[in-house]
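Data first, discussion second: the structure below is written as structure tokens.
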Amino acid sequence: MPTPGAGELLVRVRAAGVNPGDWRLREGSYGTVGPAVLGREVAGTVTAVGPEVTGFAVGDEVFGGCPGMVGGWAEQALVTASFAAHRPGAVAPEAAAVLPVAAGTAYDVLENLALPAGATLLVNGAGGGVGIPVTQLARARGLKVVGVASPAKHNLVAGFGATPVAYGEGVLDRVRAAAPDGVDAVFDLVGGDALSTVAALVEDRSRLLSVADRPLVHELGGRTVERDRSTAVLEELAELVATGRLDPCVTQVRPLDEAGEALAEVQEGHVLGKIVLVPDPPGAQA
């Protein structure tokens with residue numbers, strides 16, 4: 001059983017998100033990590049409060065990020081109190097559990113770019129877990145969105161208000177046709193050659209952001225996303241969900257013992273929306 005340290009909560013997990021960062025951490029993309037339970041975001045019930053924590057009490061329904069990006073795929077998990085928020089009753093645990101990483105990153109992207117209403121944002125990888133919320137949040141801010149995605153995800157991307165275009169050879173021509181006045185910023189979720197290609201669309205490389213390929217985006221003159229892992233951001237995201245302005249797009253809820261299969265699906269890159277793991281089957285928790 002984990003013991004909450006200073007600034008931490010112990011939470012009985014009701015739902016946990018599955019993210020590309022989980023397999024990337026396993027592969028060593030973030031440096032060496034010792035034996036660990038994967039999972040970086042959860043929703044659940046507070047069962048213990050660590051020292052130096054204010055604003056939370058045992059029994060509170062919360063959601064947030066896990067210390068060190070690990071530990072969430074378990075019955076009990078630690079949560080960083082400064083990156084946690086109370087879960088509104090109108091937001092299901094399964095929806096709240098996927099907000100800290102994907103929706104939180106999407107929120108921070110738009111804060112980093114600070115584009116004015118009417119500007120055009122290209123999202124490279126618009127059909128994924130971060131691409132879906134960034135499209136919704138961008139549209140809510142009055143931005144035009146062109147979303148590069150596989151054809152299988154075009155209906156999903158279009159449904160959230162973006163103009164979908166296909167990956168692959170000729171993508172620049174397709175983007176220029178979809179945005180004849182040009183794009184004002186590029187947010188990349190793919191990396192590699194796909195990032196190098198779409199980088200040509202922005203002269204001001206301060207408006208080229210990537211979370212998929214940090215070395216390459218810096219080489220291209222762009223930047224990574226500065227994250228604001230705070231309670232205030234989570235509260236705002238939860239309010240957007242509660243009022244119907246943000247759909248976390250949870251498409252699969254799977255038992256915890258299927259974590260391996262769920263992560264393999266996410267790594268393959270073909271998942272529509274978000275996968276959530278639950279320690280207990282539906283209806284088992286109060």
Side-chain angles (χ1 to χ4, degrees), residues 20 102-103 105-225 240 245-249 251 266-274:
T105 299
Y107 181 94
D108 292 340
V109 165
L110 297 173
E111 289 293 299
N112 285 193
L113 289 171
L115 295 171
T120 298
L121 172 65
L122 177 76
V123 180
N124 195 36
V130 179
I132 290 169
V134 82
T135 295
Q136 295 179 71
L137 296 175
R139 295 291 294 135
R141 293 182 181 213
L143 303 181
K144 301 172 186 176
V145 180
V146 176
V148 181
S150 61
K153 297 183 178 182
H154 281 194
N155 286 341
L156 181 69
V157 171
F160 288 119
T163 301
V165 298
Y167 286 118
E169 186 177 350
V171 65
L172 293 184
D173 291 335
R174 291 189 290 275
V175 170
R176 289 174 178 134
D181 295 327
V183 301
D184 299 290
V186 170
F187 173 47
D188 167 70
L189 289 149
V190 182
D193 291 342
L195 168 57
S196 296
T197 299
V198 297
L201 293 165
V202 283
E203 291 185 10
D204 180 357
R205 292 300 172 87
S206 70
R207 291 188 168 184
L208 172 66
L209 271 63
S210 177
V211 293
D213 198 330
R214 298 181 183 187
L216 180 57
V217 76
H218 287 301
E219 181 182 324
L220 294 168
R223 53 197 175 112
T224 53
V225 178
L240 291 170
R245 291 174 288 170
L246 175 63
D247 178 1
C249 202
T251 56
V266 170
Q267 185 168 359
E268 289 168 2
H270 302 307
V271 175
L272 291 175
K274 297 289 294 182

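Scanning for side chain to side chain contact (heavy atoms under 4.5 Å, CB included) contacts around Ala199 gives Arg205, Leu208, Leu220, with sequence neighbours left out. For Ala103, the side chain to side chain contact (heavy atoms under 4.5 Å, CB included) partners are Leu99, Pro133, Leu237, Leu246, not counting sequence neighbours. Shown here are the side chain to side chain contact (heavy atoms under 4.5 Å, CB included) partners of Arg176, two or more places apart in sequence or in another chain: Leu172, Asp173, Leu201. Qualifying side chain to side chain contact (heavy atoms under 4.5 Å, CB included) partners for Asp204, counting only residues two or more places apart in sequence or in other chains: Ser206, Arg207.
Taking each heavy atom of Ala179 and Val146 in turn, the nearest pair found is CB-CG2, 4.1 Å. Taking all atoms of both residues into account, the shortest heavy-atom contact from Ala212 to Ser210 is N-OG, 3.1 Å. Contact detail for Val157 and Pro164: the closest heavy-atom pair is CG1-CB, 4.1 Å. Considering every non-hydrogen atom in both Gly129 and Ala102, the closest pair reads O-CB, 3.2 Å. The two residues Ala178 and Val165 have their closest heavy-atom pair at CB-CG1, 4.0 Å. Considering every non-hydrogen atom in both Ala149 and Ala126, the closest pair reads CB-N, 4.5 Å.
By the 6.0 Å contact criterion, CZ on Arg174 is enclosed, its count of non-hydrogen atoms from other residues, nucleotides or ligands being greater than 12.
A distance of 7.0 Å separates OG1 of Thr105 from CZ of Phe187, quoted to the nearest 0.5 Å. Asp108 CG to Thr224 OG1: the interatomic distance, rounded to the nearest 0.5 Å, is 11.5 Å. To the nearest 0.5 Å, the span separating OG1 on Thr135 from CG on Leu121 amounts to 7.5 Å. Summarising the geometry, atom CG belonging to Asn124 is positioned 7.0 Å from atom CG belonging to Leu195; distances are rounded to the nearest 0.5 Å. Expressed to the nearest 0.5 Å, how far CG of Leu216 lies from CG of Asp188 amounts to 8.0 Å.
Each of Leu122, Thr120, Leu113, Val202 was checked for a side chain to side chain contact (heavy atoms under 4.5 Å, CB included) with Asp184, and the lone residue meeting it is Thr120.
The side chain to side chain donor-acceptor pair (under 3.5 Å) pairs that include a residue from residues 148-167 number zero, where partners must be two or more places apart or lie in different chains. Sorted by first and then second residue, the salt bridge (charged side-chain N to carboxylate O under 4.0 Å, His left out) pairs with a member in residues 130-148 read Glu111-Arg141; sequence neighbours excluded.
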Item to complete: Could you give me the CA-CA distance, side-chain angles and deciding distance for Val198 and Val190, then say whether side-chain contact (heavy atoms from CB on, under 4.5 Å) is met?
Response: CA-CA 11 Å; Val198 297; Val190 182; over 6 Å; no

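Residues Leu209 and Arg223 meet the side-chain proximity criterion, which asks for heavy atoms closer than 4.5 Å. For the pair Leu110 and Leu115, the minimum side-chain heavy-atom distance is 4.5 Å or more. Annotation: side chain of Leu156 is in contact with side chain of Cys249 (closest heavy-atom distance under 4.5 Å). With contacts defined as side-chain heavy-atom distances shorter than 4.5 Å, the pair Val171/Thr197 qualifies.
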